[in-house]
2 protein chains.
Amino acid sequence: MSSDPPGFELPLRLLLGFRMLIDDLHAELARRGHPDVRPMHGFVMQAIGVEGTTAVELGRRLGISKQAAGKTVGTLEQLGYVERACDPGDARRKIVRLTPYGLESLALSARVFDELRARWAGTLGPERMRAFETDLRALTEGETFRLDVPGWFGA
Amino acid sequence: MSSDPPGFELPLRLLLGFRMLIDDLHAELARRGHPDVRPMHGFVMQAIGVEGTTAVELGRRLGISKQAAGKTVGTLEQLGYVERACDPGDARRKIVRLTPYGLESLALSARVFDELRARWAGTLGPERMRAFETDLRALTEGETFRLDVPGWFGA
DNA sequence: TGGGAAACGTAAACATAGTTGTCGAAATGG
DNA sequence: CCATTTCGACAACTATGTTTACGTTTCCCA
């Protein structure tokens, strides 16, 4: 009588939910002045943070090589979201920092994500929304985020 | 008093949960005789199904071009998971079918997914696990699965 | 019946991820 | 002071996707 759903539905819907949020976010970002930012860029800028960082450290945070991190930073630089500056204290290092435009996109993303969460809470009700997030947090406890999606998903 | 979590945590953890399940699945698949199958391959084989299908239809189901579907089928064919046969009723079409090896990997995946779901249910308890899945299903209602992850995630 | 339109599969060219390997420049430390 | 380490950049390669194009086969309608 329990009739549990098949196990393969779970990963499918987790991915579906993720994609749904990210797609909605970027539709809204495009509408509000950031049409060129891609899903990956958001994660990278989040990893760069307000403080700024280096390519090596960025790669470490995202679980990719420093070369891949450097390439992505180059793209973001062309789009005007980040800038590279030499470290006065260490001539080897170059600090990657968010530009005002980049900071704005990050702040906007945070606002839109909150709106999207509110919409989801409207579907489930605040009670179950809270429970849903608590459970999801419990299930993914201790996991670290990795950005190596392309190579990981299909080798 | 409500102190809702920030909205950006939701997509992050959805992706984390997805990746967790898929990584565990493939670790187990590798252990049980399928070391070469990649995350993407599982979704493609699932889309091919027991009946078999064509490259065009496969692309349609996965939300990718028929050419991309054809390429992936070629890879899967080399690995021995699928085979291509001419359609006796239509010389234009070529039916892609799972080999016994492919069918076995699909059945094994289903079993492992059920085991993983049971492990998650062990964390939350059967009650909340059921509620979690119900809510997730409600939130992702009507969404269609797309396999164009590489091009979608980073443009 | 015949010919144009549509569908299928394949290939080439291109763009974008990632990776490894290599290298020069700068900092570190024994 | 020299050897080792670290950082950033470049080249070569793989894997994914896309668009464009083409030859073959089928379908449909005038």
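The figures here come from the full heavy-atom set of this structure, side chains too, leaving out hydrogens, waters and symmetry mates.
Distances were taken from every side-chain heavy atom of B:Leu147 (C-beta onward) to each of C:dG9, D:dC7, D:dG17; the shortest belongs to D:dG17. Checked against C:dA27, C:dG9, D:dC7, the side chain of A:Ala91 finds its nearest nucleotide in C:dA27. Closest to the side chain of B:Lys94, out of D:dT25, D:dT16, C:dG9, is C:dG9.
Between B:Arg93 atom CZ and C:dA7 atom C1' there is a gap of 10 Å when expressed in whole angstrom units. Going from atom CZ of B:Arg146 over to atom P of D:dT16 covers 19 Å, rounded to whole Å. The CG atom of A:Asp90 sits 12 Å away from the P atom of C:dG29 (whole-angstrom rounding). The distance from atom CG of B:Asp87 to atom C1' of D:dT24 is 15 Å, rounded to the nearest whole Å. D:dG17 atom P lies 16 Å from atom CZ of B:Phe153, rounded to whole Å. When rounded to the nearest whole Å, the span between CD of A:Glu57 and P of D:dC7 equals 9 Å. Atom CG in A:Asp36 sits about 16 Å away from atom C1' in C:dA15, given to the nearest Å. We find that CG of B:Asp148 is positioned 16 Å from P of C:dT16, with the value rounded to whole Å.
Between B:Glu28 and B:Arg32 there is a salt bridge, since a side-chain N of the basic residue sits under 4.0 Å from a carboxylate O of the acidic one.
A residue-by-residue look at A:Thr75 and A:Gly89 shows that A:Thr75 has its nearest nucleotide of DNA chain C further toward the 5' end.
A:His41 places a side-chain N or O within donor-acceptor distance of the main-chain N or O of A:Arg38, the cut-off being under 3.5 Å. A donor-acceptor pair is defined here as one N or O able to donate and one able to accept, closer than 3.5 Å; no such pair exists between the side chain of A:Thr140 and the backbone of A:Glu143. For the pair A:Thr72 (side chain) and A:Ala68 (backbone), a donor-acceptor distance under 3.5 Å is present. Although no hydrogens or angles enter the test, the distance criterion places a donor-acceptor pair under 3.5 Å between the side chain of A:Arg61 and the main chain of A:Ala47.
Atom-to-atom distance recorded for B:Glu141:CD and B:Leu136:CG is 10.5 Å, nearest 0.5 angstrom.
Remark: B:Arg60, B:Lys66, B:Gln67 in residues 58-69 of chain B come within less than 4.0 Å of DNA chain C through at least one heavy atom.
Within the 4.0 angstrom heavy-atom criterion, only backbone atoms of the sugar-phosphate kind lie near A:Arg84; the bases stay farther away.
Dashed line: the shortest gap from a side-chain N or O of A:Thr72 to OP1 or OP2 of C:dG18 is under 4.0 Å.
Screening B:Arg84, B:Lys71, B:Met45 against B:Leu76 for a side chain to side chain contact (heavy atoms under 4.5 Å, CB included) leaves a single residue, B:Met45.
Applying the 3.5 Å distance criterion, the base of D:dT6 shares a donor-acceptor pair with the side chain of A:Arg92.
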